[in-house]
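Notes to accompany the following structure.
Everything numeric here is computed off the predicted structure, so don't read it as measured data. Just the heavy atoms: all of them, side chains too, but no hydrogens, waters or symmetry mates, feed the values below.
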Amino acid sequence: MIPSPAAVIRRALVTGASRGIGRAIALELARRGARVVGTATSGPGAQAIEESFAAAGLAGRGVVLDVASSGSVEGCFKDLEGREGTPSILVNNAGVTRDGLLMRMSAEDWQTVIETDLSAVYRTCKAVMRGMMKARRGRIINIASVVGVMGNAGQANYAAAKAGMIGFTKSLAREVGSRGITVNVVAPGFIVTDMTDALGEPARAALLAQVPLGRLGSPEDIAHAVAFLASPRAGYITGETLHVNGGMYMI
C-alpha cells in the first residue's frame with residue numbers, strides 16, 4: 001500500500017513564503033498535512049504568513065530569515081530544532097532579481113542575486129543534512145526558473161544563479177540518495193505575479209505568444225508540482241528538473 005502524503009509530509013520549511021509562489025507552496029503543503037514554517041525577510045512578512053495559514057484554517061507559522069546571511073540561517077535552524085525539529089521537507093523558494101544588461105550590471109547587483117538565489121541554497125541544504133541523513137528520509141525541492149535553462153537578456157546574474165541551482169541539485173542528489181533523501185528542481189515559466197498583472201496588453205500578449213497552452217501559470221500550478229515531489233509518489237525521482245511552463249520550453 002502506498003502511504004498517504006500526510007503520512008510522510010510532516011515538517012516543512014518554505015523560504016520566501018509571504019506571497020506568490022512561496023505562499024501557495026506553503027499553503028498546499030499544509031493542506032496535505034505538513035506542519036509548515038514559512039520564512040520572510042521582515043516581521044510584517046512573517047506575520048502575513050501566519051495570517052494566511054489562519055485564514056485557511058491550517059497549521060503553520062512564519063519566521064524572519066535572511067537567506068543571504070549565514071548567521072540568520074544558523075539562528076533560524078536552531079529555532080526550528082528547538083520547536084519543530086529538522087524539516088523533513090525543504091523548499092528553497094526565496095530569491096531576488098536585479099535585472100540589467102551585463103555591460104551596465106554592477107558587482108553589487110551580481111553578488112546580491114548570487115548570494116540570495118544560489119549561495120542560500122547551499123546554506124539551507126547544509127543546515128538540514130545532518131537531521132535528514134540521521135532520519136534516512138528527506139525531500140529537498142529547489143525553485144529555479146526557465147531562465148536558468150533558456151537564458152534571458154538582461155538577466156545574466158539570475159540565469160547564472162538558477163542554472164547553478166540545477167547543477168547543485170544534481171550533485172547533491174547523487175551524494176544523499178543512499179540515505180533516502182531526494183533532491184529535485186521545479187523550474188517555473190511565466191507565472192501570474194504583481195509584475196505581470198501590471199503589464200500592458202501588448203507586453204502580456206508577447207508573453208502569451210511564447211506559451212503553447214496560451215495562458216500564464218498560477219502560483220498553484222507550481223505548488224502542486226512541489227507537493228508531488230514532496231509526496232511518497234515521487235520517491236523514485238531525484239536529481240530531476242520538473243519544468244512547469246505551459247510548453248514554452250521543451251527538452
Any luck finding a side-chain donor-acceptor pair between Ser218 and Asp221 under 3.5 Å?
-> yes
Is it true that [X] and [Y] fall in one hydrophobic cluster, defined by side-chain heavy atoms closer than 4.5 Å?
| X | Y | result |
| --- | --- | --- |
| Leu13 | Ile143 | no |
| Val37 | Phe53 | no |
| Phe168 | Ile237 | no |
| Tyr122 | Ile166 | no |
| Ile141 | Val14 | yes |

Closest heavy-atom contact between [X] and [Y]?
| X | Y | answer |
| --- | --- | --- |
| Ala227 | Leu29 | CA-CD2, 4.1 Å |
| Met250 | Pro212 | CE-CG, 4.1 Å |
| Ile21 | Pro188 | CD1-CG, 4.3 Å |
| Val36 | Ala26 | CG2-O, 3.7 Å |
| Ala40 | Gly45 | CB-C, 3.5 Å |
| Ala159 | Gly151 | CB-CA, 4.4 Å |

Does [X] use its side chain to pair, donor to acceptor, with the backbone of [Y] at less than 3.5 Å?
| X | Y | result |
| --- | --- | --- |
| Asp117 | Val96 | yes |
| Glu240 | Asn184 | no |
| Ser88 | Arg11 | yes |
| Asn152 | Gln155 | no |
| Thr15 | Asn93 | yes |
| Ser231 | Arg233 | yes |

Between atom [atom1] of [X] and atom [atom2] of [Y], what is the distance when rounded to the nearest 0.5 Å?
| X | Y | atom1 | atom2 | answer |
| --- | --- | --- | --- | --- |
| Lys170 | Thr241 | NZ | OG1 | 5.0 Å |
| Ile140 | Cys125 | CD1 | SG | 4.0 Å |
| Asp66 | Thr116 | CG | OG1 | 7.0 Å |
| Arg137 | Arg139 | CZ | CZ | 8.5 Å |
| Met132 | Thr182 | CE | OG1 | 8.5 Å |
| Leu90 | Ile181 | CG | CD1 | 11.0 Å |

Just do the side-chain contact (heavy atoms from CB on, under 4.5 Å) check on Phe190 and Asn245 with the steps written out, would you?
-> CA-CA 7 Å; Phe190 293 143; Asn245 56 45; over 6 Å; no
With a cut-off of 6.0 Å (strictly less than), are more than 12 heavy atoms of other residues, nucleotides or ligands near [atom1] of [X]?
| X | atom1 | result |
| --- | --- | --- |
| Arg204 | CZ | yes |
| Arg23 | CZ | no |
| Arg61 | CZ | yes |
| Gln47 | CD | yes |

Yes or no on side-chain contact (heavy atoms from CB on, under 4.5 Å) for Leu80 and Thr86, after CA distance, side-chain angles and deciding distance?
-> CA-CA 7 Å; Leu80 289 174; Thr86 299; over 6 Å; no
Would you call Arg32 and Glu28 a salt bridge, taking side-chain N to carboxylate O under 4.0 Å as the test?
-> yes
Can we say Arg123 and Glu115 salt-bridge, meaning some charged N sits less than 4.0 Å from an Asp/Glu carboxylate O?
-> yes
State, yes or no, whether a side-chain contact exists between Phe77 and Thr124 at a heavy-atom distance under 4.5 Å.
-> yes
Test Arg98 against Val113 for side-chain contact (heavy atoms from CB on, under 4.5 Å), laying out the working first.
-> CA-CA 7 Å; Arg98 295 289 187 273; Val113 171; 3.9 Å; yes
With side-chain contact (heavy atoms from CB on, under 4.5 Å) as the test, would you mind laying out the steps for Val186 and Val244 before giving the verdict?
-> CA-CA 7 Å; Val186 172; Val244 186; 4.0 Å; yes
Only one of Val226, Leu118, Val183 passes side chain to side chain contact (heavy atoms under 4.5 Å, CB included) with Asn142, and that residue is Val183
What pairs of residues pass the ring pair (Phe, Tyr, Trp, His ring centres under 6.0 Å) test when at least one of them lies in residues 217-243, not counting sequence neighbours?
-> His243-Tyr249
